[in-house]
J.: 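The structure follows.
Throughout, a chain's letter reflects where its sequence line sits, starting with A, and its residues are numbered from 1.
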Amino acid sequence: MTPAVLADLVRSTASAVLTERGLDTAVLPERVTVERPRHPEHGDYATNLALQIGKRVGMAPRDLAKAIADRLAEADGVASAEVAGPGFLNVRLAAAAQGELVRRVLTAGERYGHGDAFAGVSINLEFVSANPTGPLHLGGTRWAAVGDVLGRVLAAQGAKVTREYYFNDAGAQIDRFVASLVAAAKGEPTPEDGYAGAYIAELAAEVLRQEPDVLSLPDEQRDETFRRLGVQLMFDEIKRSLHEFGTDFDVFFHEDSLHRSGAVAAVVDRLKSSNLLYHADGAWWIRSSEFGDDKDRVVIKSDGAPAYIAADIAYLENKLSRGFDLCIYMLGADHHGYVGRLKAAASALGSDPDVVEVMIGQMVNLVSGGQPVRMSKRAGTVVTMDDLVGAVGVDAARYELTRYSVDSPIDIDLDLLRKHSNENPVYYVQYAHARLASLLRNAAELGIELAEHAEGVDLGLLDHPREGDLIRTIGEFPTVVRRAAELREPHRIARYLEELASAYHKFYDACRVLPQGDEPATPLTAARLALCAAARQVLANGLGLLGVSAPERM
RNA sequence: GCCCUUGUAGCUCAGUGGAUAGAGCACUGCCCUCCGGAGGCAGGUGUCGCAGGUUCGAAUCCUGCCAAGGGCGCCA
């Protein structure tokens with residue numbers, strides 16, 4: 001029996017009790033919450049339903065709980081149901097009913113944990129979107145990991161997810177990038193406000209290699225060549241890093257294309273007649289202050305040039321025209337001021353501001369010896385995605401960056417990570433998987449075959465407390481995935497996997513699976529082997545959602 | 001000044017109305033002649049930043065205060 005099935009059973013039982021007494025069943029929540037109590041004495045599962053609705057139907061919570069418990073205890077698969085404390089209802093499942101979950105996992109396979117909470121919902125998920133003026137640094141790396149996992153989680157819940165990266169390849173920062181390349185190619189010092197990393201010199205050299213005569217071109221053509229090739233090379237570099245990091249996008253959208261196509265000018269012209277844009281001081285403003293922004297923002301500057309936000313509006317219009325139900329933006333905390341602007345843009349475009357959802361994540365800081373180190377391109381203290389991956393590998397990097405809430409700032413000490421990379425909890429989880437894989441290999445060598453979907457296996461034999469804990473932990477996975485999607489909190493996956501790995505290690509320590517010496521395989525062997533196969537499947541599914549490998553050996 | 005986020009064990013962090021607040025790291029001591037010891041067991045650490053409020057019940061919700069980080073450009 002799954003927690004969801006039990007929840008439905010509790011609900012229908014409560015409904016029958018209320019009806020019997022002529023009480024209103026409308027007070028029942030749509031989804032009854034059934035949770036795993038902290039203490040084993042409180043049963044396998046507990047619900048506070050009677051506490052929630054007792055007063056509203058005029059019954060003492062304990063009396064109501066008692067009435068539900070008495071009836072629930074008679075139900076198939078329920079071993080006992082009792083009232084505790086102020087009105088909690090503690091339930092124990094029959095081992096056979098609980099063990100069925102193992103079969104369910106084995107039958108569902110890779111799809112165990114998938115759900116339909118977002119079935120039919122089309123979501124645009126924009127993340128990273130770092131300027132193409134340099135390699136991805138640690139901040140962008142965090143969003144690459146978190147965004148990718150969120151995308152996988154939403155997709156697992158049935159959403160149609162389009163992962164998108166917005167290249168800001170227009171505007172002043174690109175001009176500075178180009179000027180920096182030109183200076184480097186000419187062997188001149190980096191201009192004021194330019195970019196100074198070693199990668200600039202390398203890019204400049206590559207441009208010179210491809211276009212040896214570029215420096216003798218007229219300035220405008222020369223700059224255009226550096227712009228075209230330099231930006232392209234940087235794009236390729238960023239895409240390569242992301243791909244090696246296990247993060248791929250469906251769409252790389254170029255800001256430049258919005259200007260070239262006239263989309264920016266067109267949408268601004270159209271909006272000038274709406275009441276969300278107004279003319280003042282020679283410029284056009286958007287009333288973003290009505291959507292939580294500090295003040296209104298300039299869309300068209302008094303010199304007639306579009307401000308940055310103008311392209312944002314055109315970009316959102318483009319997204320909306322592609323029919324997304326929801327547009328999620330993942331931004332760093334230093335961009336939280338965007339929230340109001342983007343919502344204002346959605347409203348100006350005639351959409352519900354709620355189609356725009358902005359996730360704000362805290363920063364990634366570099367520390368060394370406990371002291372914060374400011375990343376500076378000029379000082380050469382920028383740590384890139386490639387640096388991090390080079391130090392600890394993709395699995396550890398992704399895991400480290402996704403096991404924390406995005407609301408929590410992350411401090412990264414590269415030296416410490418290198419030195420203590422084995423302390424990363426990812427190894428704890430991966431080890432559990434490798435250990436299971438090894439066990440299943442050993443079983444096969446002993447000639448013990450697990451029947452497909454554990455057919456004919458008596459799963460009711462799994463009545464050891466550690467077995468029960470492991471089964472119930474496995475049973476939580478679908479809820480965890482759903483919650484991670486609904487709350488946009490991918491870190492729940494990693495935290496859950498640590499719990500699952502722990503439950504497995506504890507089970508392994510207490511319960512011998514394979515026969516020893518010349519002992520024959522027993523029905524219990526088969527049942528435990530099935531449980532192991534299910535645990536391995538869930539670990540693999542969870543690691544898959546994180547984009548982290550599930551090793552057979554390590 | 002205004003806005004956003006955060007404040008939980010020595011450290012890093014989980015825990016968005018439930019029962020005695022958890023995990024990893026760090027410290028101490030145990031546990032395999034046989035399934036992977038990258039594991040398990042045991043030991044103790046808390047004014048959940050502070051003060052009020054809401055209710056059967058608050059780390060969780062509301063208000064105020066304190067502290068930290070970030071943001072408040074006709075830059076992008």
J.: How do A/Leu439 and A/His505 order along RNA chain B: which one's closest nucleotide is nearer the 5' end?
T.: A/Leu439

J.: So which nucleotide from B/G18, B/A19, B/A76 ends up closest to the side chain of A/Asn48?
T.: B/G18

J.: Return the value, rounded to whole Å, for the distance between atom CG of A/Asp413 and atom P of B/C11.
T.: 17 Å

J.: What nucleotide among B/G39, B/U20, B/C74 has an atom nearest to a side-chain atom of A/Trp285?
T.: B/C74

J.: Counting side-chain heavy atoms from CB outward, which of B/C3, B/G36, B/G40 is closest to A/Met554?
T.: B/G36

J.: By centroid distance (under 5.5 Å) and plane angle (under 30°), are A/Tyr508 and B/C35 in a stacked arrangement?
T.: yes

J.: Look at A/Arg441 and B/C35 and indicate whether a side-chain polar atom (N or O) is within less than 4.0 Å of OP1 or OP2.
T.: no

J.: Checking contacts here: which listed nucleotide (B/U16, B/G40, B/U12) is nearest the side-chain heavy atoms of A/Leu487?
T.: B/U16

J.: Taking the basic N atoms (NZ, or NE/NH1/NH2) and the acidic carboxylate oxygens, is any pair closer than 4.0 Å for A/Arg227 and A/Asp223?
T.: no

J.: Can you tell me the base-pairing partner of B/G22? Count Watson-Crick or G-U wobble geometry only, both distances below 3.5 Å, and say none if there is no partner.
T.: B/C13

J.: Answer yes or no: side-chain N or O of A/Tyr338 and base N or O of B/A76 forming a donor-acceptor pair under 3.5 Å.
T.: yes

J.: So A/Glu552, base contact, sugar-phosphate only, or nothing? Heavy-atom distance under 4.0 Å.
T.: base

J.: Which pairs pass salt bridge (Lys or Arg N to Asp or Glu O under 4.0 Å) with one or both residues in residues 478-491 of chain A, sequence neighbours excluded?
T.: A/Glu357-A/Arg488, A/Arg482-A/Glu486, A/Arg483-A/Glu486, A/Glu489-A/Arg492

J.: Check every atom of B/U20, B/C13, B/C3 against the side chain of A/His336 and return the nucleotide holding the closest atom.
T.: B/C3

J.: Before we go on, tell me: are the rings of A/Tyr329 and A/Tyr338 under 6.0 Å apart, centre to centre?
T.: no

J.: Distance criterion of 3.5 Å, no angle test: do you see the side chain of A/Asp334 paired donor-to-acceptor with the base of B/G70?
T.: no

J.: Would you mind telling me which residue lines up with the more 5' stretch of RNA chain B, A/Asp281 or A/Arg553, judged by nearest nucleotide?
T.: A/Arg553

J.: Hey, is the side chain of A/Ser302 pairing donor to acceptor with the base of B/C74 inside 3.5 Å?
T.: yes

J.: Taking CD from A/Glu499 and P from B/G22, how many angstroms apart are they, rounded to a whole number?
T.: 13 Å

J.: With a non-hydrogen cut-off below 4.0 angstrom, is A/Ile309 in contact with a base, only sugar-phosphate, or nothing?
T.: nothing

J.: Under 5.5 Å between ring centres and under 30° between planes: true for A/Phe88 and the base of B/A19?
T.: yes

J.: Look at the side chain of A/Asp175 against the base of B/A76 and say whether a donor-acceptor pair falls under 3.5 Å; ignore hydrogens and angles.
T.: no

J.: Taking the six-membered ring for Trp and the single ring otherwise, decide whether the centroids of A/Tyr315 and A/Tyr166 are under 6.0 Å apart.
T.: yes

J.: Of the options B/U5, B/G18, B/C74, whose atoms approach the side-chain atoms of A/Asp407 most closely?
T.: B/U5

J.: Measure centre to centre between the rings of A/His464 and A/Phe507, then say whether the value is under 6.0 Å.
T.: no

J.: Rounded to whole angstroms, how far apart are CG on A/Leu470 and P on B/G40?
T.: 13 Å

J.: In whole angstrom, what separates A/His491's NE2 from B/U5's C1'?
T.: 15 Å

